[in-house]
Amino acid sequence: MKRTLKTLLAVFMTAAMVFTFTACGGGDSGDSSTIVIKNAAVHTVDENNTEAEAVVVKDGLIEYVGDNDGAAEYEGDARVIDMEGASVLPSMIDGHMHPAESAMSYYFEISLQEGASLKAYKKIIKDFVAEHPDNEVYTGSGFMRSLFDTVGPRKETLDKIVPDKPVILTSADGHSVWVNSKALEMAGITKDTENPDGGIIQRDPDTGEPSGLLQESAANLVSDLKPEYTTEEYKEAITWLQGWLNERGVTTVYDGMIPLDNENYYMAYQEMAEAGELTIRVRGAWHLAPEMGDKDELLKLVDKGMELSEGFTTDYFQVIGFKFFADQVLEEETAYMSQPYTSDSSWYGMKTWDEDVMEALFTKIDKAGYQIHVHQIGDAAATYALDVMEKVRETNGNKDTRHTFVHVQFVNDEDIARMADLNVSAMIAPYWAVMDDYYWDLYVPSVGQEMADSMYPENSLVEAGVNVGVHSDFFVTEPDWGWLLYSAVTRTLPQKIFDIWYEGMDLTRTTDTDVEQEYLIGPLKPYDERMELADIVKAATYGGAYSMNIEDETGTIEVGKKAELVLMDMNIFDSDIEDVANVTPVGTIFDGKLVYEKEK
């Protein structure tokens with residue numbers, strides 16, 4: 001998994017902020033319950049990929065889809081928006097992210113996303129500490145593992161900045177934390193501390209002392225040191241975040257890791273949903289992990305999650321599934337692979353679950369009609385998770401529970417076919433399906449170039465009939481329509497992202513195929529995994545809706561469905577793909593209301 005942009009989000013000052021919408025050349029505001037959008041390139045994403053030139057929104061629903069003449073009958077006192085030929089699409093449905101967690105990280109904590117070097121990280125941390133001298137603990141996120149060796153960033157770097165308070169910083173991939181000596185001391189982590197199950201305490205190769213990097217479950221050793229946020233603080237950060245997501249054309253998200261033991265976290269969503277304060281729709285999954293208990297204890301947690309879910313009855317917030325890690329990540333060499341890592345011929349990564357325990361949990365969850373939401377990176381992880389799902393199908397029959405694999409970095413052809421047969425959706429991140437410094441510095445050295453060149457078989461999933469959706473894994477990556485479309489179609493990093501990530505570095509971007517020279521930033525093989533533009537648009541809209549079982553309500557532009565649209569600044573189907581990389585939403589409609597309007 002990758003990292004975010006280094007640019008910080010602009011602070012969204014208030015949910016009540018009003019934008020003057022003139023970018024599409026509309027008329028007066030008119031009746032707020034009716035919006036007429038005309039002279040548009042409307043891509044409906046319906047069963048036939050119907051194209052239209054006008055859409056009418058009335059009382060929260062899509063009233064009309066067709067030509068300008070038909071839409072003119074609705075104008076009257078309606079708000080009229082002239083798109084001047086630009087695209088109108090269903091708004092983005094992000095099938096896996098961490099919205100509340102990321103909101104807290106960006107809003108209240110140290111954000112290293114702005115940095116691209118150790119020097120930059122140190123400045124960001126120093127500035128934050130100077131601005132918040134009274135904090136008892138400093139937390140944050142966003143450092144890139146590719147900047148460090150296997151042992152990772154060192155505690156001594158943080159000790160020089162903050163010697164007397166704990167510092168806990170999560171990596172951009174979310175699978176390790178960088179801590180200072182005070183955090184290690186307060187957590188009781190010493191040279192003699194053994195690695196926990198499913199985790200690694202990285203150690204200084206000379207002294208054997210903890211180096212300052214805690215990987216996977218070892219990060220839990222310092223979790224009790226982190227601050228606890230109130231429900232009101234979560235709500236404040238979510239209010240800020242949803243405005244930014246609306247600005248990016250996102251209106252539905254899947255929270256992929258809702259903690260059962262953090263009432264403030266999930267009640268922030270619930271209270272905002274009940275009060276009508278959400279301008280995003282949230283679906284999500286309760287997080288389960290082997291370290292939470294034995295099989296019986298975990299089954300009781302499933303009961304607890306189901307009981308809580310029954311209380312979330314609004315359309316705006318529902319927890320519909322349970323999240324499992326089948327393995328971890330390639331960056332930390334903890335993805336579960338079918339071939340050994342090049343660093344150790346006996347190391348295949350982490351197989352997170354015992355199949356018998358997984359089967360008991362999966363069977364109970366599936367039988368009750370809840371979704372199984374699986375983090376899957378390595379091909380061996382896909383195989384054993386699908387083995388268990390096949391057993392569940394034999395026991396329960398087909399419950400149409402729309403189970404999902406998230407990330408799908410490596411998966412073989414046979415398992416792709418099994419995903420289609422079992423109706424397992426694939427949430428993909430084309431943002432990551434590119435040849436970049438992670439490819440050269442982490443992936444090729446870990447698994448070899450042949451295996452690295454089999455990553456992210458996105459078009460194969462489409463052609464096999466798997467339901468494909470998209471995800472950003474935010475905060476891992478910030479959702480972006482242009483970046484998503486461009487990298488899906490080209491398997492190349494867009495110029496705008498290259499310019500941000502590699503500013504001042506001796507790297508070259510290329511769109512040429514058959515890149516062999518190391519450290520060229522170019523298209524990822526295999527090239528036949530490039531997606532068609534229509535397919536990635538469908539994945540970003542209908543695919544996510546289908547995976548959440550809300551495709552009858554949203555995900556396409558059809559009469560009677562919820563009016564959830566994104567208005568673009570160009571016709572994406574009539575523009576060069578290099579221009580599409582920079583496409584920008586100029587308006588977003590959620591529940592029939594303009595929740596974002598770009599100033600001209």
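All of these numbers come straight from a predicted model, not from anything done at the bench.
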Does a donor on one side chain and an acceptor on the other come within less than 3.5 Å for [X] and [Y]?
X      : Y      : result
Ser547 : Ser425 : no
Asn423 : His403 : no
Thr588 : Asn246 : no
Tyr486 : Asp480 : no
Thr363 : Thr395 : no
Glu529 : Tyr456 : no

Parallel, tilted or perpendicular: rings of [Y] and [X] (30°, 60°):
X      : Y      : answer
Tyr431 : Trp483 : perpendicular
Trp240 : Tyr107 : tilted
Phe324 : Phe362 : perpendicular
Tyr229 : Tyr234 : perpendicular

- Query: Do Tyr269 and Phe312 have ring centres separated by under 6.0 Å?
  - Reply: no
Run the salt-bridge test on Asp315 and Lys562 with the 4.0 Å N-O cut-off and return the result as yes or no.
yes
Checklist line | Within 6.0 Å of CD in Glu390, more than 12 heavy atoms from elsewhere | finding: yes
Subject >> Lys538 atom NZ: more than 12 heavy-atom contacts under 6.0 Å >> reply: no
Inter-residue atom distance [X].[atom1] - [Y].[atom2], 0.5 Å rounding:
X      : Y      : atom1 : atom2 : result
Met267 : Glu232 : CE    : CD    : 11.0 Å
Gln318 : Ile550 : CD    : CD1   : 9.0 Å
Glu578 : Lys496 : CD    : NZ    : 11.5 Å
Glu51  : Asp46  : CD    : CG    : 9.0 Å
Ile110 : Thr170 : CD1   : OG1   : 10.5 Å
Met257 : His375 : CE    : NE2   : 10.0 Å

Quick one: does any side-chain atom of [X] pair with a main-chain N or O of [Y] as donor and acceptor, under 3.5 Å?
X      : Y      : value
Thr401 : Asp366 : no
Asn68  : Asn39  : yes
Thr239 : Lys235 : yes
Glu63  : Val56  : no
Arg491 : Leu524 : yes
His373 : Ala285 : no
Arg393 : Leu422 : yes
Ser102 : Phe475 : yes
Arg530 : Thr490 : yes
Thr314 : Glu274 : no

The side-chain hydrogen bond (donor to acceptor under 3.5 Å, both in side chains) partners of Lys304 (sequence neighbours excluded) come to none
Self-check item: Side chain to side chain, Arg418 and Met389, heavy atoms closer than 4.5 Å
Solution: no
cation_pi(Arg402, Tyr546) dist<6.0 Å, angle<=45:
yes
A cation-pi test, strictly: NZ or CZ of Lys323 under 6.0 Å from the centre of the six-membered ring of Phe325 and no more than 45 degrees from its axis. Yes or no?
yes
In Tyr266, Tyr265, Phe317, Trp286, the residue satisfying side-chain contact (heavy atoms from CB on, under 4.5 Å) with Asp255 is Tyr265
Result for side-chain contact (heavy atoms from CB on, under 4.5 Å) between Leu484 and one of Ile536, Ile428, Val537 points to Ile536
When every non-hydrogen atom of Asn582 is compared with those of Met570, the smallest separation belongs to C-CE, 4.4 Å
Correct closest heavy-atom pair for Val250 and Pro479 would be CG2-CB, 4.3 Å
Practice prompt. Could you give me the CA-CA distance, side-chain angles and deciding distance for Arg79 and Glu597, then say whether salt bridge (charged side-chain N to carboxylate O under 4.0 Å, His left out) is met?
Written response: CA-CA 13 Å; Arg79 172 71 181 273; Glu597 309 174 53; 3.3 Å; yes
